[in-house]
A.B. asks: 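This structure is in structure tokens; I'll ask about it shortly.
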Amino acid sequence: QLQLVESGGGLVQPGGSLRLSCVVSGTAPNYYRIGWFRQAPGKEREGVSCIRTVSGATYYTDSVKGRFTVSLDNTKNTVYLHMNSLRPEDTAVYYCAADKDYGFSCSELRGYDYWGQGTQVTVSS
């Protein structure tokens with residue numbers, strides 16, 4: 001199985017920037033997608049971004065397009081989420097997740113097999 005560890009969360013002012021990291025390790029032979037999700041208090045978990053590890057195809061939910069960028073460093077087994085122009089409504093626990101199967105596109109929110117523990121992002125003045 002895979003283990004995922006997120007880091008980089010914290011407190012940032014509106015308009016500020018933050019970079020989250022997700023380090024993937026373990027014994028599973030392959031993983032094809034890394035997704036970023038977030039869950040705000042009292043809200044359902046939502047998909048934020050995704051990257052396919054082979055093609056590099058990416059996905060962003062509408063509310064973060066143009067502000068967030070997902071990237072992958074295959075040599076480090078690390079996925080990053082660069083977050084710019086942060087807004088209070090971006091406040092949430094952010095999770096990364098990995099998909100061990102080939103068939104799903106990054107626009108598909110189902111099919112993730114392994115999850116990290118989450119990292120808190122708070123946007124407030």
Side-chain angles (χ1 to χ4, degrees):
Q1 65 176 28
L2 297 178
Q3 294 81 46
L4 292 82
V5 179
E6 305 97 332
S7 63
L11 175 64
V12 64
Q13 292 184 324
S17 299
L18 210 58
R19 186 186 75 170
L20 306 184
S21 300
C22 175
V23 179
V24 183
S25 62
T27 58
N30 293 293
Y31 55 98
Y32 295 99
R33 296 184 299 165
I34 298 292
W36 285 99
F37 297 79
R38 66 187 181 187
Q39 188 164 21
K43 303 294 184 181
E44 294 184 351
R45 186 172 61 197
E46 66 171 330
V48 176
S49 186
C50 169
I51 186 165
R52 290 191 62 84
T53 57
V54 176
S55 71
T58 58
Y59 160 85
Y60 302 94
T61 194
D62 286 346
S63 64
V64 309
K65 287 180 180 177
R67 300 189 298 119
F68 290 11
T69 303
V70 65
S71 62
L72 170 67
D73 186 340
N74 277 309
T75 65
K76 298 179 180 178
N77 289 326
T78 300
V79 177
Y80 303 97
L81 185 67
H82 291 82
M83 306 185 295
N84 300 311
S85 301
L86 284 162
R87 306 165 179 169
E89 52 263 42
D90 295 318
T91 296
V93 177
Y94 283 70
Y95 301 87
C96 61
D99 179 11
K100 67 177 176 63
D101 302 304
Y102 174 78
F104 294 118
S105 73
C106 259
S107 63
E108 176 61 66
L109 298 182
R110 61 177 171 150
Y112 289 94
D113 304 291
Y114 307 103
W115 293 81
Q117 84 290 342
T119 185
Q120 176 71 49
V121 172
T122 302
V123 184
S124 176
S125 59

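In this text the structure is predicted, and so the values were computed from the model without any measurement. FYI, side chains are in, hydrogens and waters are out, and symmetry mates aren't considered; it's all heavy atoms of this structure.
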A.B. asks: Does the ring center of Phe68 lie less than 6.0 Å from the ring center of Trp36?
C.D. replies: no

A.B. asks: Do you know the tightest heavy-atom contact between Thr119 and Gly8?
C.D. replies: OG1-N, 4.2 Å

A.B. asks: Set out, in order, the CA-CA distance, both residues' side-chain angles and the distance that settles side-chain hydrogen bond (donor to acceptor under 3.5 Å, both in side chains) for Ser107 and Ser105, then state yes or no.
C.D. replies: CA-CA 5 Å; Ser107 63; Ser105 73; 2.9 Å; yes

A.B. asks: Checking Val24 against Tyr31 for the side-chain contact (heavy atoms from CB on, under 4.5 Å) test, could you report, in this order, the C-alpha distance in whole Å, the side-chain angles of both residues, the deciding distance, and whether it holds?
C.D. replies: CA-CA 9 Å; Val24 183; Tyr31 55 98; 3.8 Å; yes

A.B. asks: Please test Glu46 against Phe37 for side-chain contact (heavy atoms from CB on, under 4.5 Å), starting from the C-alpha separation and ending with a verdict.
C.D. replies: CA-CA 6 Å; Glu46 66 171 330; Phe37 297 79; over 6 Å; no

A.B. asks: Which pair of non-hydrogen atoms, one from Ala92 and one from Ala40, has the smallest distance, and what is that distance?
C.D. replies: CB-N, 3.8 Å

A.B. asks: Keeping the roles fixed (side chain from Thr91, backbone from Val123), state whether a donor-acceptor pair exists under 3.5 Å.
C.D. replies: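 Yes, because the side chain of Thr91 sits within donor-acceptor range (under 3.5 Å) of the backbone of Val123.
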
A.B. asks: Can you name the closest pair of heavy atoms from Leu20 and Gly9 and give their distance?
C.D. replies: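 Heavy-atom minimum between the residues: CD2-N, 3.6 Å.
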
A.B. asks: Do Tyr94 and Arg38 get their side chains close enough for a donor-acceptor pair, meaning under 3.5 Å?
C.D. replies: yes

A.B. asks: Check whether any side-chain N or O of Arg33 sits under 3.5 Å from a backbone N or O of Cys106 as a donor-acceptor pair, and report yes or no.
C.D. replies: no

A.B. asks: Answer yes when Asp99 and Arg52 have at least one side-chain N-carboxylate O distance shorter than 4.0 Å, and no when they do not.
C.D. replies: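 Salt bridge flag = no for Arg52 with Asp99.
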
A.B. asks: So, for Tyr59 and Leu109, which heavy atoms are closest and what is the spacing to 0.1 Å?
C.D. replies: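 Heavy atoms only, the tightest pair is CE2-CD2, 4.5 Å.
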
A.B. asks: Say whether Thr78 and Asp73, considering side chains only, have a donor N or O and an acceptor N or O under 3.5 Å apart.
C.D. replies: no

A.B. asks: How far does CD of Glu89 sit from OG of Ser63, to the nearest 0.5 angstrom?
C.D. replies: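 Atom-to-atom, Glu89:CD and Ser63:OG are 8.5 Å apart.
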
A.B. asks: Indicate if Leu72 and Val48 have the same hydrophobic cluster label, given that clusters are the connected sets of ILVMFWY residues with side-chain heavy-atom separations under 4.5 angstrom.
C.D. replies: yes

A.B. asks: Examine the side chains of Asp101 and Tyr112 and answer whether a donor and an acceptor come within less than 3.5 Å of each other.
C.D. replies: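 Looking only at side-chain atoms, Tyr112 and Asp101 do not form any donor-acceptor pair under 3.5 Å.
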
A.B. asks: Taking the ring of Tyr32 and the ring of Tyr102, is the distance between their centroids below 6.0 Å?
C.D. replies: yes

A.B. asks: Taking all non-hydrogen atoms of both residues, which atom of Ser49 and which atom of Leu81 are closest, and how far apart?
C.D. replies: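 So the minimum-distance heavy-atom pair works out to CB-CD1, 4.0 Å.
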
A.B. asks: On a heavy-atom basis, which atom in Cys22 and which in Leu4 lie closest, and how many Å separate them?
C.D. replies: SG-CD2, 3.7 Å

A.B. asks: To the closest 0.5 Å, what do you measure between OG (Ser17) and CE (Met83)?
C.D. replies: 9.0 Å

A.B. asks: What's the spacing between Gln120 CD and Leu11 CG if we round to 0.5 Å?
C.D. replies: 9.5 Å

A.B. asks: With the 4.5 Å side-chain cut-off for hydrophobic clustering, are Val93 and Val79 part of the same group?
C.D. replies: no

A.B. asks: Would you compute the distance between atom NZ of Lys76 and atom OG of Ser25 and round it to the nearest 0.5 angstrom?
C.D. replies: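 That separation rounds to 15.5 Å.
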
A.B. asks: Are more than 12 heavy atoms, taken from residues, nucleotides or ligands other than Gln13, located less than 6.0 Å from that residue's CD atom?
C.D. replies: no

A.B. asks: If you measure from CG on Asp90 to OG on Ser124, what distance do you get to the nearest 0.5 Å?
C.D. replies: 12.5 Å

A.B. asks: CD1 of Ile51 to CD1 of Ile34: how many Å apart, nearest 0.5 Å?
C.D. replies: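 Going from the CD1 atom of Ile51 to the CD1 atom of Ile34 covers 9.5 Å.
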
A.B. asks: Could you tell me whether a side-chain N or O of Thr27 sits under 3.5 Å from a main-chain N or O of Gln1, the two making a donor and an acceptor?
C.D. replies: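 The answer is yes, because a donor-acceptor pair under 3.5 Å joins these two groups.
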
A.B. asks: How are the rings of Trp115 and Tyr95 set relative to one another: parallel (under 30°), tilted (30 to 60°) or perpendicular (over 60°)?
C.D. replies: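 If you compare the ring of Trp115 with that of Tyr95, the planes turn out perpendicular.
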
A.B. asks: Do the side chains of Tyr80 and Val64 join up, straight or via other hydrophobic residues, at under 4.5 Å, putting them in one cluster?
C.D. replies: no

A.B. asks: Donor-acceptor pair, distance only, cut-off 3.5 Å: does the side chain of Glu6 make one with the backbone of Gln117?
C.D. replies: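 Between the backbone of Gln117 and the side chain of Glu6 there is a qualifying donor-acceptor contact (under 3.5 Å).
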
A.B. asks: Run the salt-bridge test on Lys65 and Asp62 with the 4.0 Å N-O cut-off and return the result as yes or no.
C.D. replies: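 A salt bridge links Lys65 with Asp62.
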
